[in-house]
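Every heavy atom of this structure was used, including side-chain atoms; hydrogens, water molecules and symmetry mates were not. Chain letters run A, B, ... following the sequence lines, proteins first, then strands; residues in each count from 1. Note that this is a predicted model, so its numbers are computed, not measured.
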Amino acid sequence: MRWSQYFIPTLKESPADAEILSHKLLLRAGLVRKLTGGLYTFLPLGLRVLRKIENLIREEMNRAGAIEVLMPALQPTDIWRQSGRYETASDVLYKAKDRSNKEWILSPTAEEVITTLAAGELNSYRQMPVNFYQVSVKFRDEIRPRFGLMRAKEFIMKDAYSFDSSDEGAMASYQRMYDAYTRIFNRCGLRNFPVEADTGVIGGNYSHEFMVPAVTGENEVVYCEACGYAANIEKATSGIPKTAAREIGGGGEKFATPGVVTIEALSKAPYSVPANRQIKTLVYVADSQPVLILIRGDDQLNETKFLARTGALAARPATPEECAATLGAKPGSLGAVLNVPATVKILADERLRGANDMTTGANEDGFHLRSVSIDRDIKVTEWFDLRTVTAGEPCAKCAKPLKMQRAIEVGHVFKLGTKYSEKLHAYFLDADGKSKPCVMGCYGIGVTRTMQAVIEQCNDKDGIVWPLAVAPYAVCVTPLAVAKDSAVMQLAEKIYAELTAAGVEVILDDRDDRPGVKFKDADLVGFPLRVSIGEKSLANGEVELKPRGGAVQLVKAEEALAQIHAFLAAKS
RNA sequence: CGGGACGUAGCGUAGCUUGGUAGCGCGCUUGGUUCGGGUCCAAGAGGUCGUGAGUUCAAAUCUCACCGUCCCGACCA
């Protein structure tokens, strides 16, 4: 490709609405342009990178035995109602109506469609295992699109769905995808690692996310350097000790605490009740029902865990009015000892199990109770791990201190089980002649997000530093004079033609611009290798090879081609 | 959905407090100049000042509404 015939609108300055580095570089390097919030046009160079990543994913999916298909982006609502996600995923669904006022869904993912396919086509255990995948546009009505391609209303996703006749088979399918994902992200040049993850509205019971460490990541990851434990903060647990039992001092006496409505205030004089001796009582409304959640005063509720453990579809903190209606007091004086209606469930965090000599609200504004024993004074409905892990806590597996890091989620693998196959009737006949639901797994990669994650991780002060595997072009040939009859241009044309003939992805910067402009642009766009041809070095019969981010290397013109091939071979 | 900031030429921005001629840099066009890290000089083109209403003799500027963008939050009683 000749630069002058192409379309690479680079920018010296980044548009004001780009906040993070990778977003700015996407725009400055002329890879994408924004149409509106959360919607982007891929320009030629950006599209090339996208295709590179897609094809790399295809290679690895095919290698892992998955089979490519393409499903409709426009989907009927009835299968979404059947799976139950018309309601549970309602917030993210884009809905469209046709001329007869019938409602359709713009696909945010395709479990319903693939399971419908399986229901019709997979009749025998002999047809499994099978894994279908596609690379396609997905639509999600994000609460807040942000960071360019990181969280967009429309994005490219690779989604795969495995069908097995047994649980063991499903685990093997899961493992194949897990391994494939590791290969994919490694090949993209990304530092990445899998973490244990919550399953959210997708459902299922076993899941890993593939994370790319980045300060701008939207996820918080807990990990242990000693034993390799790693989990999303939404899922992470630690080996932190339970609350120490004490000699109990009394039997839950009420005492006045006028104006005290926070854990912190109660921990100060004159009350001086340390936060770790307080029970924090939260009222949530889960699927329209009030629920009490008990957490130790110095801990934080992990809402994701709460949702996962209770199976609630939606939950929110109760309003002060709802708190008063349920318990007779406003937030700040709430507790689970007195005046709790029998219909209200009390969920307690495991860390409080067996705790005594605790202080909590009395369900009377301005009063608390001291010397409370959980076992004796509170009718806990269920115990769960509900707290949020913090950095430095001992690892549950090896007791070494846990660390925390922000990361970008680029892939997610789920073991789904039979949730969708049962609801959408994907049953098969097993060897014993019995009808059973397919055991499913699903596996997603955010392709467009991965592209931006690479930029977020691979850059320097001058611009993007593409890993060869995903670079829009491998080589940029840069003649420093473009007059047709010049020796410089003739050599540039020759090298360009030879590389093209050899199948190397090469761009010839034939623009009549000053060298500085070309160098800046080449650095900004981030081609892995720049081959510069100028009068000075050519006078010595030399051309210049400059790996992006590396040092200049002068080579004899006649050796240039071999050197370029050697460079590319070493990088791939 | 709540809070905050912002909306002036393709991009980045000044002007708004104190109402009166819309300015700068980049980019773009033309001519010259320069030619190994975003040359320099000169001359140009390009703006419904987000939209609509209001106040006023007069609105980019003040008021209100709406639209859009970005950030934070939508958990901690």
>> For A/K34, give me all partners under salt bridge (charged side-chain N to carboxylate O under 4.0 Å, His left out), at least two apart in sequence or on another chain.
In response: A/D17

> Can you name the salt bridge (charged side-chain N to carboxylate O under 4.0 Å, His left out) partners of A/R151, sequence neighbours left out?
Replying inline: A/E142, A/E218

>> Taking side-chain contact (heavy atoms from CB on, under 4.5 Å) as the definition, give me every residue that meets it alongside A/E493, ordered by chain and number, with sequence neighbours left out.
In response: A/R2, A/M489, A/Y496, A/L508

>> If you take any heavy atom closer than 4.0 Å to RNA chain B, which residues from residues 10-26 of chain A end up in contact?
In response: A/K12, A/E13, A/S14, A/P15, A/A16, A/D17, A/E19

>> Using the side-chain contact (heavy atoms from CB on, under 4.5 Å) criterion, which residues pair with A/Q405? Sequence neighbours excluded.
In response: A/F193, A/P213, A/Y223

>> Looking at the base of B/G38, is there any donor atom on it, or on the side chain of A/D521, that sits under 3.5 Å from an acceptor on the other one?
In response: yes

>> The criterion is salt bridge (charged side-chain N to carboxylate O under 4.0 Å, His left out); which residues satisfy it with A/R406, sequence neighbours excluded?
In response: A/E220

> Which side-chain hydrogen bond (donor to acceptor under 3.5 Å, both in side chains) pairs, counting each pair once, include a residue from residues 38-47 of chain A, with sequence neighbours left out?
Replying inline: A/H23-A/Y40

>> Please list, in numerical order, the residues of residues 382-396 of chain A that have a heavy atom closer than 4.0 Å to any atom of RNA chain B.
In response: none

>> Can you pull out the residues from residues 471-487 of chain A that lie within a 4.0 Å heavy-atom distance of RNA chain B?
In response: A/L480

> Side chain of A/P331: nearest nucleotide among B/A77, B/G38, B/C75?
Replying inline: B/A77

Using nucleotides 47-50 of chain B, report all nitrogen or oxygen pairs with the protein that are shorter than 3.5 Å.
none

> Do A/R146 and B/G73 share a donor-acceptor pair, side chain to base, under 3.5 Å?
Replying inline: no

> Does A/D523 have any side-chain contact (heavy atoms from CB on, under 4.5 Å) partners at least two apart in sequence or in another chain, and if so, which?
Replying inline: A/D462, A/R530, A/R548

Any protein N or O atoms within reach of nucleotides 1-9 of chain B? Criterion: under 3.5 Å, listing atom names and distances.
none

